[in-house]
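Below is one structure, written out as structure tokens; comments come after it.
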Amino acid sequence: MALHLSSACFSAFSGSKVRAVRAVASEQGGVSVKTTDEGKVKLGGSELKVTKLGLGAWSWGDTSYWNNFNWDDRKLKAAKSAFDASIDGGITFFDTAEVYGSRMSFGAISSETLLGRFIKERKERDPDFEVAVATKYAALPWRIGRESVISALKDSLSRLELSCVDLYQLHWPGIWGNEGYIDGLADAVEQGLVKAVGVSNYSEKRLREAYNQLKKRGIPLASNQVNYSLIYRLPEENGVKSTCDELGITLIAYSPLAQGALTGKYTPSNTPTGPRGSIYTPEFMTKLQPLINRIKEIGEGYGKTPTQVVLNWLVAQENVVPIPGARNAEQAQEFAGAVGWKLSNGEVEELRSMASQVKPVVGFPVEKL
């Protein structure tokens with residue numbers, strides 16, 4: 001079934017009309033990821049095309065988990081350079097959320113506000129550049145009903161200085177009221193406020209429920225954003241990955257580098273700072289070293305870094321769009337080198353086998369709801 005919308009997105013910067021959304025919900029599911037001539041992929045059964053790799057903006061403006069609890073002008077300039085380097089490197093898909101850089105954190109600046117500012121500044125000197133923006137709705141306990149989704153979305157659009165976003169996602173399943181939230185997503189599509197909708201941290205059961213509810217209104221569930229990396233493969237074990245493949249829902253992988261643990265930057269004597277240090281301990285990093293060493297060896301054969309190898313491993317799983325976070329231009333430039341080549345099937349399986357020897361870290365609690 002198909003839905004044709006009369007309302008369309010308008011650019012807040014150029015005033016130009018964006019092509020109207022035509023959302024297609026598959027009757028049988030199983031919509032495969034399709035690569036376009038521009039080297040992009042479609043998200044699920046939607047018509048939204050994004051780059052094979054995106055950029056996560058969780059750290060931008062944050063003072064609760066990243067940035068050593070401090071945000072300053074130097075980090076702001078670094079984040080801006082990461083944005084520009086991503087665009088220059090061909091990565092034009094950016095993921096943020098209303099809770100990133102939350103006002104509840106002292107000294108934080110909204111990630112949405114920063115992304116909107118970066119887009120506006122880039123648009124001023126490069127009016128024709130393209131960008132796809134994804135953001136998320138926080139299913140907080142006091143938010144009830146479909147109207148809360150539209151209200152929160154409009155607040156996000158205000159911070160982003162946009163009249164519509166490309167992808168709007170439920171950040172996590174609510175304690176209650178999930179049917180209303182899904183209806184709110186569909187309302188957002190019909191009102192022309194978004195081009196596609198998705199969920200995040202959804203289990204197989206919740207994923208199927210959301211898919212079927214949207215399907216009744218002729219709207220495809222484009223994506224499910226979950227924690228997925230070489231050393232955190234819960235989506236493969238709990239049925240989420242196979243369900244995404246079955247129903248034609250793109251899996252967007254957050255923390256694809258295990259928050260830096262897989263980059264080769266950290267060792268047992270040099271562990272991550274801040275809250276990450278309690279997860280990626282010296283003991284954990286010691287057990288991880290054989291895998292890191294093999295990743296480096298494989299990368300040398302391709303002239304690639306460990307970061308690029310690990311991201312390429314995820315792309316090789318098919319129907320997966322990784323969104324690593326970049327806090328500076330160097331990281332963003334490195335990410336761009338993760339696509340345009342391919343690990344061999346033997347290397348993909350070898351890394352999976354070695355990674356299975358490493359005990360996985362703790363994921364987001366709601367993944368098992």
Side-chain angles (χ1 to χ4, degrees), residues 1-11 17-26 29-36 38 40-57 92-98 112 115 130-137 146 149-150 152-154 156-157 160 162-171 181-202 207 210-226 243-245 247-254 319-323:
M1 64 181 74
L3 172 72
H4 298 266
L5 302 180
S6 58
S7 59
C9 275
F10 289 83
S11 167
K17 187 174 182 179
V18 180
R19 186 174 57 186
V21 179
R22 179 177 180 273
V24 180
S26 168
V31 179
S32 61
V33 172
K34 300 176 182 178
T35 304
T36 70
E38 298 82 21
K40 297 180 180 180
V41 294
K42 283 188 176 182
L43 286 188
S46 75
E47 292 194 354
L48 176 60
K49 302 173 184 177
V50 301
T51 46
K52 295 179 182 179
L53 199 72
L55 194 80
T92 60
F93 178 39
F94 295 86
D95 177 83
T96 183
E98 63 172 323
E112 289 180 326
L115 178 57
E130 296 182 356
V131 63
V133 175
T135 192
K136 310 182 200 72
Y137 167 87
R146 62 207 299 172
V149 176
I150 298 299
L153 171 57
K154 289 180 177 179
S156 287
L157 290 173
L160 287 161
L162 296 173
S163 56
C164 77
V165 290
D166 297 273
L167 177 67
Y168 196 49
Q169 308 152 95
L170 301 182
H171 205 153
Y181 298 153
I182 298 297
D183 280 335
L185 290 182
D187 293 344
V189 174
E190 293 179 350
Q191 292 178 30
L193 298 174
V194 301
K195 295 181 182 178
V197 291
V199 293
S200 180
N201 298 300
Y202 265 48
L207 193 60
Y211 172 88
N212 288 326
Q213 186 175 341
L214 286 170
K215 184 179 177 180
K216 291 177 181 177
R217 293 182 59 179
I219 296 172
L221 179 60
S223 60
N224 184 21
Q225 184 177 145
V226 295
T243 300
C244 284
D245 294 343
L247 300 179
I249 301 167
T250 298
L251 190 156
I252 298 177
Y254 71 77
N319 196 30
V320 176
V321 176
I323 52 167

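Quick note: residue numbers are just sequence positions, from 1.
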For A97, check side chain to side chain contact (heavy atoms under 4.5 Å, CB included) against everything at least two apart and list the hits. V99, Y100, K136, H171

Worked verdict on D187 versus V149 for side chain to side chain contact (heavy atoms under 4.5 Å, CB included): CA-CA 9 Å; D187 293 344; V149 176; over 6 Å; no

Partner set under side chain to side chain contact (heavy atoms under 4.5 Å, CB included) for D183, not counting sequence neighbours: R146, Q213, R217

CG on D95 to CG on D166, rounded to 0.5 Å: 11.5 Å

Minimum heavy-atom distance V50-A132, with the two atoms named: CG1-CB, 4.1 Å

All side chain to side chain donor-acceptor pair (under 3.5 Å) counterparts of S223, not counting sequence neighbours: none

If you round to the nearest 0.5 Å, how far is CG of L162 from CG of L115? 7.5 Å

N201 backbone acceptor or donor facing Q225 side chain under 3.5 Å: no

Under 3.5 Å donor-acceptor, N319 side chain and G248 backbone: no

I'd like to check the ring-ring contact (aromatic ring centres under 6.0 Å, His included) partners of F93; sequence neighbours left out, ordered by chain and number. none

To check you understand the geometry: which heavy-atom pair defines the closest contact between V197 and P220, and what is its length? CG2-O, 3.9 Å

Check: V199 and Y181 side chains under 4.5 Å, non-hydrogen atoms: no

For Y168, what residues pass the ring-ring contact (aromatic ring centres under 6.0 Å, His included) criterion, not counting sequence neighbours? none

Looking at E130 and K40, is any side-chain nitrogen of the basic one under 4.0 Å from a carboxylate oxygen of the acidic one? yes

side-chain contact (heavy atoms from CB on, under 4.5 Å) with V133: which of L167, V165, L157? V165

Nearest heavy atoms of G54 and V321, plus distance in Å: N-CG1, 4.2 Å

Minimum side-chain heavy-atom gap D245-L251 below 4.5 Å: no

Sort out for me which residue in T250, N212, L207, I182 forms a side-chain contact (heavy atoms from CB on, under 4.5 Å) with L221. L207

Test side chain to side chain contact (heavy atoms under 4.5 Å, CB included) on L170 and Y202 and set out the steps. CA-CA 9 Å; L170 301 182; Y202 265 48; 3.4 Å; yes

List in chain and number order the residues that pass side chain to side chain contact (heavy atoms under 4.5 Å, CB included) with A57, two or more places apart in sequence or in another chain; answer none if no residue qualifies. W60, T96, S111

Verify the distance criterion only: is there a donor paired with an acceptor across the side chains of N224 and Y211 at less than 3.5 Å? no

Would you check if E112 and E98 make a side-chain contact, meaning some heavy-atom pair closer than 4.5 Å? yes

